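One structure below.
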Amino acid sequence: MPVVLDGTAIAAQIQQEVALSVAALAARGVRPGLAVILVGHVPASEIYVRSKVKTCEELGIHSELITPPESITTEEMLALVDSLNQRDQIDGILIQLPLPAHVDTKRLLDAVLPEKDVDGFHPVNAGRLQSGRPSLAPCTPAGVIEILQRSAIPISGAHAVVVGRSDIVGKPAAALLLNHNATVTLCHSKTRDLATLTRQADILVAAIGRPGFITPEMVRHGATLIDVGINRVTTRADFDRFFAGDAKREEAFTRRGSVIVGDIHPHAFAVSRAYTPVPGGVGKLTIAMLMANTVQAARLRRGL
Ligand code: NDP
């Protein structure tokens with residue numbers, strides 16, 4: 001039977017450790033602080049941001065939620081970021097994406113001081129990660145590594161195949177796996193004969209954004225499957241393709257009109273050694289790693 005890699009339990013463990021670190025910093029008169037900027041009203045972003053702020057409160061991290069109107073300009077956002085860069089009480093700055101189309105996202109992400117870039121998106125942090133130097137790593141890929149390590153899945157020497165090369169997930173996941181001595185293959189939409197590569201994976205990381213894209217035929221028996229994807233299934237045909245016979249999900253689908261599926265077809269989990277479920281897998285780690293990064297930023301900035 002494959003092992004279910006329980007993201008909820010691992011995230012709770014990390015958050016306990018973060019709370020201990022916060023207490024240790026408090027004893028030295030330091031309280032880590034996170035500023036979250038949420039522009040306009042994007043319902044999905046509002047949910048994420050609320051849980052980030054709530055988790056800060058639970059762990060003793062100071063948090064500030066800044067909510068400029070949708071009409072804010074790039075220049076005004078740059079001034080806001082600059083003021084946060086200068087404030088000693090703020091260790092981490094998070095700009096919730098996506099931003100309105102008229103705002104220059106890249107310019108803003110580049111304006112965050114690298115030492116306060118708790119999302120790990122600044123080119124300086126991306127470069128530090130690529131060159132194997134200590135850095136603030138993007139939260140979701142950092143969570144992937146935590147899941148593997150805390151579940152005693154060997155990374156060193158393993159062949160890790162990452163499907164998806166975004167700056168937020170795929171590329172940093174590949175860099176982190178390489179830094180942990182995996183042999184890494186990074187695949188994308190132009191990769192030829194993808195299934196031949198995915199079938200060689202000891203660790204297969206799917207970060208594609210296409211529901212159930214990795215099918216059982218694409219997976220080696222005994223592989224560890226890490227499913228980063230979060231996709232909403234809204235049609236009966238898709239529901240049946242992924243979840244026919246699953247009474248619990250059937251009930252949720254009837255009630256809400258949708259369910260979540262990852263980038264790995266749920267039937268593929270049966271042939272794996274271990275896998276992260278969706279939901280309840282990688283997604284649970286993202287906020288925990290944001291908290292860990294905020295504490296790390298607070299320490300690094302003070303040379304602790
Ligand atoms: P992007 O859309 O930025 O990147 C998708 C990647 O998948 C691209 O590199 C693309 O290749 C590749 N791809 C698309 N189609 C194919 C294909 N047919 N064959 C091979 N590769 C393909 O997505 P993200 O990286 O931002 O997100 C990926 C998934 O992870 C999404 O479902 C998202 O919701 C989820 N996610 C989950 C998070 C969490 O907290 N758990 C956090 C962030 C994302 P190319 O570059 O060639 O176009």
Side-chain angles (χ1 to χ4, degrees), residues 1-17 137-164 169-170 172-187 194-231 233 242-243 245-246 248-249 259-289 292:
M1 279 289 278
V3 175
V4 181
L5 304 173
D6 183 350
T8 308
I10 295 171
Q13 198 179 55
I14 292 170
Q15 286 180 193
Q16 271 175 14
E17 292 164 12
C139 300
T140 302
V144 168
I145 299 295
E146 290 292 334
I147 290 178
L148 292 169
Q149 288 186 320
R150 289 170 190 255
S151 308
I153 310 268
I155 303 177
S156 181
H159 185 188
V161 177
V162 180
V163 188
V169 188
L176 283 165
L177 287 160
L178 183 61
N179 291 348
H180 285 83
N181 297 320
T183 301
V184 179
T185 303
L186 181 53
C187 306
L194 181 66
T196 303
L197 296 167
T198 57
R199 272 197 298 269
Q200 292 171 25
D202 301 310
I203 299 169
L204 179 58
V205 180
I208 310 160
R210 297 184 61 173
F213 181 82
I214 303 288
T215 54
E217 309 76 60
M218 297 170 77
V219 172
R220 194 165 72 84
H221 276 248
T224 295
L225 303 180
I226 303 293
D227 194 349
V228 182
I230 302 174
N231 310 289
V233 169
F242 300 126
F243 300 120
D246 182 331
K248 203 169 142 209
R249 280 199 169 83
V259 286
I260 300 294
V261 69
D263 289 343
I264 300 181
H265 196 300
H267 293 176
F269 296 145
V271 302
S272 71
R273 163 188 174 182
Y275 70 95
T276 58
V278 177
V282 176
K284 295 287 175 188
L285 270 288
T286 302
I287 291 183
M289 297 315 295

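Remember, it's a predicted structure, so these values are computed and weren't measured experimentally.
Distance OG1/Thr140 to CD1/Ile230: 7.5 Å, rounded to 0.5 Å. Note that the SG atom of Cys187 and the CG atom of Leu197 stand 5.0 Å from one another [nearest 0.5 Å]. Interatomic distance, Lys284 NZ to Ile147 CD1, rounded to the nearest 0.5 Å: 11.5 Å.
Taking 4.5 Å as the limit, some side-chain heavy atom of Gln149 sits within range of a side-chain heavy atom of Ile155. At least one side-chain heavy atom of Leu5 sits less than 4.5 Å from a side-chain heavy atom of Thr224.
Listed by chain and residue number, His265 satisfy the ring-ring contact (aromatic ring centres under 6.0 Å, His included) test with His267 (two or more places apart in sequence, or in another chain). Remark: Asp246 pairs with Phe243, Lys248, Arg249 by the side chain to side chain contact (heavy atoms under 4.5 Å, CB included) rule, at least two apart or across chains. Partners of Arg150 by salt bridge (Lys or Arg N to Asp or Glu O under 4.0 Å), not counting sequence neighbours, listed by chain and number: Glu17, Glu146. Scored by the side chain to side chain contact (heavy atoms under 4.5 Å, CB included) test, Ala195 finds Thr198, Arg199, Met218 as partners (sequence neighbours excluded).
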- request: Give the C-alpha distance, both sets of side-chain angles, the deciding distance and a yes or no for side chain to side chain contact (heavy atoms under 4.5 Å, CB included) between Asn231 and Phe242.
  value: CA-CA 12 Å; Asn231 310 289; Phe242 300 126; over 6 Å; no
message: Pair Val163, Leu194 - check side chain to side chain contact (heavy atoms under 4.5 Å, CB included), show working.
response: CA-CA 9 Å; Val163 188; Leu194 181 66; 4.3 Å; yes
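Between Ser151 and Ile10, the shortest heavy-atom contact is OG-CD1, 3.8 Å. Minimum heavy-atom separation, Ala142 to Leu176: N-CD1, 3.7 Å. When all heavy atoms of Val169 and Pro141 are compared, the pair lying nearest together is O-CG, 3.6 Å.
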Run the side-chain donor-acceptor check on residues 200-210: report pairs under 3.5 Å with partners two or more places apart or on a different chain.
residue	atom	partner	partner atom	Å
Gln200	NE2	Thr196	O	3.3
Asp202	OD1	Arg220	NH2	2.4
Asp202	OD2	His159	N	2.7

Sequence neighbours left out, cut at 3.5 Å: what donor-acceptor pairs do the side chains of residues 272-283 make with other protein atoms?
residue	atom	partner	partner atom	Å
Ser272	OG	Phe269	O	2.7
Thr276	OG1	Asp227	N	2.8

